[in-house]
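Read the structure below first, then the notes.
The sequence lines fix the lettering, A, B, ..., with proteins before strands; numbering per chain opens at 1. As the structure is a prediction and not an experimental result, all values here were calculated from the model.
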Amino acid sequence: MHSSPASLAELQARSQALAGLTLGQIAAQLQLQVPANLQKDKGWVGQLLEQSLGASAGSKAEPDFPHLGVELKTLPIDRDGKPLESTYVCVAPLTNVGGLHWHDSWVCRKLQHVLWIPILAERQIPLSERMVGTAFLWQPNVQQQQELQQDWEELMEQITLGGVANIRGAQGKHLQLRPKAANSRALTDAVGAHGEPIKTLPRGFYLKATFTASLLAQQFAPG
DNA sequence: GTATGATCATGA
DNA sequence: TCATGATCATAC
C-alpha cells in the first residue's frame with residue numbers, strides 16, 4: 001500500500017515502475033488475493049492499481065488523485081496493443097440538463113487529465129498472469145477536445161429534447177451513450193418525447209475503443 | 001438510486 | 001468477429 005503521490009512526477013514514476021509486472025505480482029505486494037476471474041469482480045483490476053499507486057479510495061465524486069487533478073483509468077488491450085473494450089467515463093444526467101455547458105460537464109472535467117494504464121488482458125490469459133504496460137498521462141489536444149465536445153453536445157441536446165430512448169451506442173464519433181445499470185430493472189427519471197416524465201435505464205458516457213486506440217497510437221507511435 | 005470500478009455476452 | 005446493450009460488486 002502506498003501513500004498518495006506528492007507530484008505528477010512521482011505518480012508517473014510509480015506507474016511506470018509497474019510496467020512489466022503481472023497483476024499477480026502486484027497483488028502479492030499488497031497481500032491481496034487474485035479472484036479466479038472478473039465475472040463477479042469486474043472492477044478488481046482498477047481497484048488493485050488504485051491501491052498500488054496510492055489513489056484515494058472509495059466511491060467519491062472526485063478524481064482519483066484530487067490534489068493532482070488526475071483520473072486513473074485502466075485500459076484492457078490485446079497483444080497488438082488494441083483496446084478490448086470501451087472506457088466508462090461517468091453517468092449521464094437525464095433531467096434538468098437545460099443550462100449545462102460542456103466545460104461544466106463531468107465528461108469534460110474527468111477527461112482533462114487521465115493516467116492511462118494499459119493492461120494486456122486477453123481473456124485467455126489468467127488474471128494473475130496479465131501484464132501491466134507502460135502508463136502515460138494524457139490531456140486532450142485541441143482537436144480531441146473539440147470532437148468530444150461536439151459528441152457531448154449532440155447527445156445532451158437529444159436528451160434535452162426527450163430523445164434519450166432513441167440514442168444508440170453507435171452514435172457519436174468518440175463519445176457514446178450506453179446503459180450503465182445494475183440490471184434492466186434499475187430505472188431512473190428522464191424526459192419523454194412529449195416532455196412528459198418517464199422512467200428509463202440509467203446511461204453512462206463511454207469512450208469508444210477506436211478513440212482510446214488513437215491515444216495509444218499517439219503515445220507509442222514510432223519516431 | 002448514485003457513486004465508484006469496469007467486463008460480460010450476445011445480436012448483427 | 002466485435003461493438004452494443006446488459007450486467008456484476010460494493011459503499012453509502
Which nucleotide in C/dA6, C/dT4, B/dA3 has an atom nearest any side-chain atom of A/K42:
C/dA6

Applying a 4.0 Å non-hydrogen cut-off, can you work out what A/K82 is touching in the nucleic acid: base, sugar-phosphate, or nothing?
nothing

Please give, in whole Å, the distance from C/dT4 P to A/F205 CZ?
15 Å

Side-chain N or O of A/S86 versus OP1/OP2 of C/dA3: is the shortest distance under 4.0 Å?
no

Between A/L53 and A/L18, is any pair of side-chain heavy atoms under 4.5 Å apart?
yes

Want to settle it: does A/I167 or A/L38 sit nearer the 5' end of DNA chain C, counting the closest nucleotide to each?
A/I167

Counting only heavy atoms not in A/H101, do more than 12 fall under 6.0 Å of its NE2?
no

Among C/dT4, C/dA6, B/dT4, the nucleotide that comes nearest once only the side chain of A/P179 is considered:
C/dA6

Could you check whether A/A186 gets within reach of a base, just the sugar-phosphate, or nothing at all, counting any heavy atom under 4.0 Å?
sugar-phosphate

Which nucleotide wins on minimum distance to the side chain of A/N183, given the candidates B/dC8, C/dT7, B/dG5?
C/dT7

Give the rounded distance in Å between these two atoms: CD of A/E122 and C1' of C/dC2.
14 Å

Does any part of the side chain of A/L207, heavy atoms only, come nearer than 4.5 Å to the side chain of A/V89, both counted from C-beta?
yes

When we call it a touch if two heavy atoms are under 4.0 Å apart, what does A/R185 touch: a base, just sugar-phosphate, or nothing?
sugar-phosphate

Can you find an N or O donor on one side and an acceptor on the other, under 3.5 Å apart, linking the side chain of A/K180 with the base of B/dG5?
yes

Euclidean distance, atom CG of residue A/L72 to atom P of B/dG5 [Å, nearest integer]
8 Å

Heavy atoms under 4.0 Å, any strand shown: does A/L201 hit a base, just sugar-phosphate, or nothing?
sugar-phosphate

Roughly, in whole Å, what's the span from CZ in A/R203 to C1' in B/dT2?
16 Å

Round to the nearest Å and state the distance from A/W44 atom CH2 to C/dT7 atom P.
26 Å

Taking only side-chain N and O atoms of A/Q176, does any of them lie within less than 4.0 angstrom of OP1 or OP2 on C/dT4?
yes

Whole-Å distance, A/D41 CG to C/dT7 C1', equals 14 Å

Any side-chain heavy atom of A/L137 sitting closer than 4.5 Å to one from A/H113?
yes

Between C/dA9, C/dA6, B/dT7, which nucleotide gets closest to the side-chain atoms of A/E85?
B/dT7

Rounded to the nearest 0.5 Å, what separates atom CG in A/L111 from atom OG1 in A/T87?
9.5 Å

Looking at B/dT2, C/dA6, B/dT4, which one has an atom nearest to any side-chain atom of A/D64?
B/dT4

I want to check one thing: is the phosphate of C/dG5, taken as OP1 and OP2, less than 4.0 Å away from some side-chain N or O of A/R168?
yes

Flag yes if more than 12 heavy atoms outside A/E157 fall under 6.0 Å of its CD atom; otherwise flag no.
no

Using a cut-off of 4.0 Å on non-hydrogen atoms, how would the nucleic acid contact of A/E71 be classed: base, sugar-phosphate, or nothing?
sugar-phosphate

Return yes if the base of B/dA6 and the side-chain atoms of A/Y206 contain a donor-acceptor N/O pair under 3.5 Å, otherwise no.
yes

Over all strands shown, is A/A209 touching base, sugar-phosphate only, or nothing at heavy-atom distances under 4.0 angstrom?
nothing

Nearest-nucleotide pick for A/E50, side chain only, options being B/dG5, C/dA6, B/dG1
B/dG5

Would you say a side-chain N or O of A/T74 is under 4.0 Å from OP1 or OP2 of B/dA6?
yes

Of A/G43 and A/P202, the one whose nearest nucleotide on DNA chain B sits closer to the 5' end is A/P202

Rounded to the nearest angstrom, tell me the gap between atom OH in A/Y88 and atom P in B/dA3.
7 Å

Which part of the nucleic acid, if any, lies within reach of A/G46 when heavy atoms closer than 4.0 Å are counted: base, sugar-phosphate only, or nothing?
sugar-phosphate

Would you mind classifying the nucleic acid contact of A/V45 as base, sugar-phosphate or nothing, using non-hydrogen atoms under 4.0 angstrom?
nothing

In whole angstroms, the gap separating C1' of B/dG1 from CG of A/L94 amounts to 13 Å

Check the phosphate of B/dC8 against A/R123, side-chain N and O only, distance under 4.0 Å to OP1 or OP2. Yes or no?
yes

Crowding at CG, A/N96 (>12 non-hydrogen neighbours, <6.0 Å)
no

Can you find a side chain N or O atom of A/Q39 that sits less than 4.0 Å from OP1 or OP2 on B/dA9?
yes

